[in-house]
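Report on the structure given below.
Hydrogens, waters and symmetry mates play no part in the numbers below; they use all other heavy atoms, side chains included. In what follows, chains carry the letters A, B, and so on, assigned in the order in which the sequence lines appear, proteins first and then strands, with residues in each chain numbered from 1.
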Amino acid sequence: MTEDPWRDLTEAVAALVRAGEETLGLPRVDVPFELSAPQFGDIALPTHAYAKAARASPPEIAARLSEAMPPAGNYVSHHEPVSGYVNFHLDLGPFAEHTLGAVLQSVEGYGRAAPNGLRALVEHTSVNPTGPVHVGRARNSIIGDTLARLLDRTGYEVTREFLVNDSGRQVLTLLWGLDNLREKDMEPPAREGEDYRLVRFYQKAMAAAEDPAVAEEVDGLVRRLEDGDEEIRRRVRTVTKQMMDGILRSLERLDIAFDNLFWDDQVLADGSAQRVVERLRDGGHLEEEDGAFYIDMAPHGFAGRNPRWFLTRRDGTTLYTTRDLAYHLDKFGRSDKALTVLGEDHRLEFQQLSVALRLLEVEQKAEAVFLAFVSLPEGRLSTRAGRVVNLDDLVDEAVERALLAVKARREDLSEEEMGRIAEAVGIGAVRYNIVKVQPEKRILFRWDQALSLEGQTAPFLQYAYARAAGILGKAAGLDGWDARFLAHPHERALVKLLARYPGVLRDAAERRRPNRVALFGHELAMTFNQFYRDSPVLQAEEDPRAARLALVTAFRIVLGNLLVCLGIQPLEEM
RNA sequence: GGACUCGUAGCCUAGCCUGGAGAGGGCACCGGCCUUCUAAGCCGGCGAUCCCGGGUUCAAAUCCCGGCGAGUCCA
């Protein structure tokens, strides 16, 4: 049984409405919705939908319906008709008791659904290992990691996976660079780490590959790898591993980690990529042109400039798409839900992949979340062109700014404590500023925006958490409390938000909108700040004090859970 | 040429799936609040043709159609 106090309330309201409908002989109408304006109560039912059947005006219906319903219900103190709506008012005492009780009992478990017995595989980041993580890639990592956390909380057994593309042209171009370019001809690396050392070879090699002779050599490497040349395979793996070390270390600092790295060359080595091509060919789904195989997508509703989806090149080598197809089949064998976080440039390809999976008569469907690009004022991010903002630099800068802020207000803390807080604030700010924006929305990267520490940001939430922790640290603990002593509008608002938290997580997970959690967190923290101003806790009379302490305790638990769900560290002080 | 995504105050953004009560938040700007639990905060003010046009509906930022602009893709 999963705790969800808000659902309990809406069900109680629905029960009243059902009773009223029955008495009046009205058809059943769903969805009581929540209110934006508190002066109208807590939950409202618009009655316009009844108008036709009742042959009456909404204000009349509202009046009759309110009259016909039982005057109160579970968690509902009363209701009244107001110009076409029935407004329900929650009975704050019992509802607060129910909500706070649920939070205090479940603690970290509050907002977490019971295991559903299903395995979810979340693939994210999966960039070509050709250079350090830049902010565009990091958007994928941050949103992917947050989605994984959300699915975990909605009951899935989650695996986080990174598809390492170690058999594509890009990586082989890098390998060519290592064989043919000299380090002493290059600028020193921008930072420490193998990824920063190697990316210079990649950039120069890509430039060199403009020359057809060089491109020809790279093609040769691609062919040798596909033909099973062990030496090439081993060397690619070595380079890729070095690069991945740097990439994973950058992400680790943001508390982003993977359960599994899937090495792309595996589907070549074990023959599964070739087998997929054969299966499609045997099924009669492939066409051929000069030895290259493709699926004609035109019958499947694709009408672009070129509706052919190629699986192999003329020389028989596979394309990225083919390997991805084989990889998906592998994923399906290991999971009940396979979700991939992709750049929006993969949209069409993903649809084509889905068609191919259908042709293969695979039952499970691939799911994807698409992200719009992050760009700089001077253009798209490009590792190849060196037009990037590296994640490491962004994080360093954020932590540095956070450190200045801590130093300015907390001279009492030790250097070490200030450093710890700055790290959590800086990293939190970076994650939050990225995750708060809806995935489909394009981001124009601006330093001041990415580094912002005020307003709708992680430190705003962390600060509210620290304030709550501060109060609780000074209180002796929680004995008996009576929720009926909560009465102030801000207390009511806070209880309602705490009650809604489990539903918000579920909704964010189902709709793949992690930004909703981030924005809900802001609302929660903002409401707490108002409560903090208006309702003194420690100095209050005994009964309100106990009730408010329970509220603050519950708030700290819920905001803490929310922050962890966003990969942001809650801070006891800041 | 075709397809998909986005368009909400000077700037950023929520709401759109599932249509309902003066379109919610943040930044910037102006004015207030630290002798009481941390001012990374709070309160007030300024600021919106919800891209444009049509349609559906008692009711449209939200649904449908047609434009326009931006982004992305079509070995």
Side-chain angles (χ1 to χ4, degrees), chain A residues 30-31 33 35-37 39-40 44-49 51-52 57-58 82-85 87 289 292 294 297 301-314 319-321 343-352 370-373 375 380 401-402 405-406 408-410 412 421 425 429 433 436-444 446 448-449 452-464 466-475 507 510-511 513 515-516 518-520 522-523 525-526 528-540 545 548-549 552 571 573-574:
Chain A
D30 269 318
V31 275
F33 62 96
L35 287 177
S36 42
Q39 73 270 24
F40 289 127
L45 176 77
T47 61
H48 309 75
K52 214 164 229 171
S57 71
V82 178
S83 63
Y85 295 80
N87 292 332
E289 184 187 76
Y294 65 91
M297 288 288 169
F302 293 80
R305 203 178 285 137
N306 182 359
R308 297 179 299 175
W309 192 55
F310 280 84
L311 295 159
T312 61
R313 296 194 181 91
R314 281 191 251 285
L319 288 158
Y320 166 77
T321 49
E344 64 176 343
D345 50 334
H346 286 79
R347 274 193 133 104
L348 177 62
E349 183 199 303
F350 182 80
Q351 288 181 342
Q352 293 168 325
F370 295 99
L371 307 183
F373 281 171
S375 57
R380 250 175 93 162
R401 285 206 190 185
V406 191
R409 39 201 116 199
R410 295 298 302 271
D412 57 313
I421 291 168
V425 167
N433 287 336
K436 75 177 175 189
V437 180
Q438 193 186 326
E440 295 82 1
K441 225 137 183 170
R442 188 175 159 230
I443 293 182
L444 186 65
R446 291 217 326 264
D448 58 338
Q449 204 173 299
S452 166
L453 303 176
E454 281 169 24
Q456 216 166 53
T457 64
F460 180 91
L461 313 210
Q462 288 168 311
Y463 188 68
R467 279 176 146 182
I471 292 175
L472 297 173
K474 288 181 184 130
D507 182 64
E510 277 167 10
R511 297 180 54 189
R513 286 284 167 81
N515 64 310
R516 292 184 163 232
L519 297 168
F520 180 79
H522 179 258
E523 202 181 340
M526 184 163 54
F528 177 78
N529 282 332
Q530 294 165 338
F531 159 81
Y532 185 89
R533 180 202 58 209
D534 289 343
S535 302
V537 177
L538 299 175
Q539 269 113 50
R545 180 179 193 272
R548 287 172 195 172
L549 269 178
V552 174
L571 290 167
E573 60 176 334
M574 60 185 280

Fill in the blank from the handout: Among the nucleotides B:G26, B:A21, B:A75, whichever has the atom closest to the side chain of A:H522 is B:G26

Handout entry: Pair assignment for B:G10, Watson-Crick or G-U wobble, requiring both distances under 3.5 Å
Key = B:C27

Fill in the blank from the handout: Going 5' to 3' through nucleotides 5-11 of chain B and flagging B where a protein heavy-atom sits under 4.0 Å of the base, S where only the sugar-phosphate is that close, and - otherwise, we get SSSB--S

Problem - Given B:A21, B:A75, B:C37, the nucleotide with the shortest approach to the side chain of A:P536 - result: B:C37

Practice task
Would you mind pulling out the nucleotide paired to B:G22, Watson-Crick or G-U wobble, both distances under 3.5 Å?
Solution key: none

Practice task
Find the distance A:K474:NZ to B:C37:P and express it as a whole number of Å.
Solution key: 7 Å

Handout entry: P gap between B:G32 and B:U72, integer Å
Key = 47 Å

Fill in the blank from the handout: When rounded to whole Å, the CG to P distance for the pair A:N529 and B:C34 reads 18 Å

Practice task
Give the C-alpha distance, both sets of side-chain angles, the deciding distance and a yes or no for salt bridge (Lys or Arg N to Asp or Glu O under 4.0 Å) between A:E523 and A:R516.
Solution key: CA-CA 11 Å; A:E523 202 181 340; A:R516 292 184 163 232; over 6 Å; no

Exercise for the section: Say whether, by atom type as modelled, one donor and one acceptor occur between the side chain of A:K436 and the main chain of A:Q456 under 3.5 angstrom. Expected result: yes

Problem - Per A:L348 side chain, nearest of listed nucleotides B:C37, B:A40, B:C74 - result: B:C74

Problem - Any A:R380 side-chain nitrogen or oxygen under 4.0 Å from OP1 or OP2 of B:U72 - result: yes

Exercise for the section: Give the rounded distance in Å between these two atoms: CD of A:E454 and P of B:G41. Expected result: 5 Å

Handout entry: Pair assignment for B:A3, Watson-Crick or G-U wobble, requiring both distances under 3.5 Å
Key = B:U72

Exercise for the section: Could you check whether A:A475 gets within reach of a base, just the sugar-phosphate, or nothing at all, counting any heavy atom under 4.0 Å? Expected result: nothing

Practice task
Round to the nearest Å and state the distance from A:L519 atom CG to B:C16 atom C1'.
Solution key: 15 Å

Problem - Nearest-Å distance for atom pair CE/P, residues A:M526 and B:G41 - result: 12 Å

Handout entry: Side-chain donor/acceptor contact of A:R511 with base of B:C17 under 3.5 Å
Key = yes

Practice task
Using atom CD of A:Q539 as one end and atom P of B:U35 as the other, report the distance to the nearest whole Å.
Solution key: 15 Å

Problem - B:A40 base stacked by A:F460 (centroids within less than 5.5 Å, tilt under 30°) - result: no

Problem - Sugar-phosphate, base or nothing in reach of A:A466, heavy atoms under 4.0 Å - result: base

Problem - Anti versus syn assignment for B:G22, with syn defined as within 90° of 0 - result: syn

Handout entry: Donor-acceptor pair (no angle test) under 3.5 Å: A:R305 side chain, B:G2 base
Key = no

Exercise for the section: Report which part of the nucleic acid A:G455 touches: base, sugar-phosphate, or nothing (heavy-atom distance under 4.0 Å, all strands). Expected result: sugar-phosphate

Fill in the blank from the handout: Of A:H48 and A:Q351, the one whose closest nucleotide on RNA chain B sits nearer the 5' end is A:Q351

Exercise for the section: Would you classify A:D412 as touching base, sugar-phosphate or nothing, given that sugar-phosphate means primed atoms plus P, OP1 and OP2, and contacts are heavy atoms under 4.0 Å? Expected result: nothing

Exercise for the section: Could you tell me whether A:E523 contacts a base, only the sugar-phosphate backbone, or nothing, with contacts defined as non-hydrogen atoms closer than 4.0 Å? Expected result: nothing

Exercise for the section: Would you indicate what A:F373 reaches in the nucleic acid, counting non-hydrogen atoms under 4.0 angstrom: base, sugar-phosphate, or nothing? Expected result: sugar-phosphate

Problem - Spacing of A:D345 atom CG relative to B:A75 atom P, expressed in whole Å - result: 13 Å

Exercise for the section: Please state how far atom CZ in A:R516 lies from atom C1' in B:G25, giving the value in whole angstrom units. Expected result: 14 Å

Handout entry: B:G19 to B:C27 separation - C1' atoms, rounded to the nearest Å
Key = 31 Å

Exercise for the section: Look at all strands and tell whether A:V552 reaches a base, only sugar-phosphate, or nothing, counting heavy atoms closer than 4.0 Å. Expected result: nothing

Practice task
Have a look at A:T47 and say if it touches a base, only the backbone sugar-phosphate, or nothing, with a 4.0 Å heavy-atom cut-off.
Solution key: nothing

Exercise for the section: Check every atom of B:A39, B:A75, B:A40 against the side chain of A:A405 and return the nucleotide holding the closest atom. Expected result: B:A40

Practice task
Give A:M574 one of three labels, base, sugar-phosphate or nothing, depending on what nucleic acid heavy atoms sit under 4.0 Å from its own.
Solution key: base

Exercise for the section: Would you classify A:Q352 as touching base, sugar-phosphate or nothing, given that sugar-phosphate means primed atoms plus P, OP1 and OP2, and contacts are heavy atoms under 4.0 Å? Expected result: nothing

Practice task
Report yes if a side-chain nitrogen or oxygen of A:R467 is closer than 4.0 Å to either non-bridging phosphate oxygen (OP1 or OP2) of B:A39; otherwise report no.
Solution key: yes

Problem - Syn/anti label of B:C34 as read from its glycosidic torsion, with the cut at 90° from 0 - result: syn

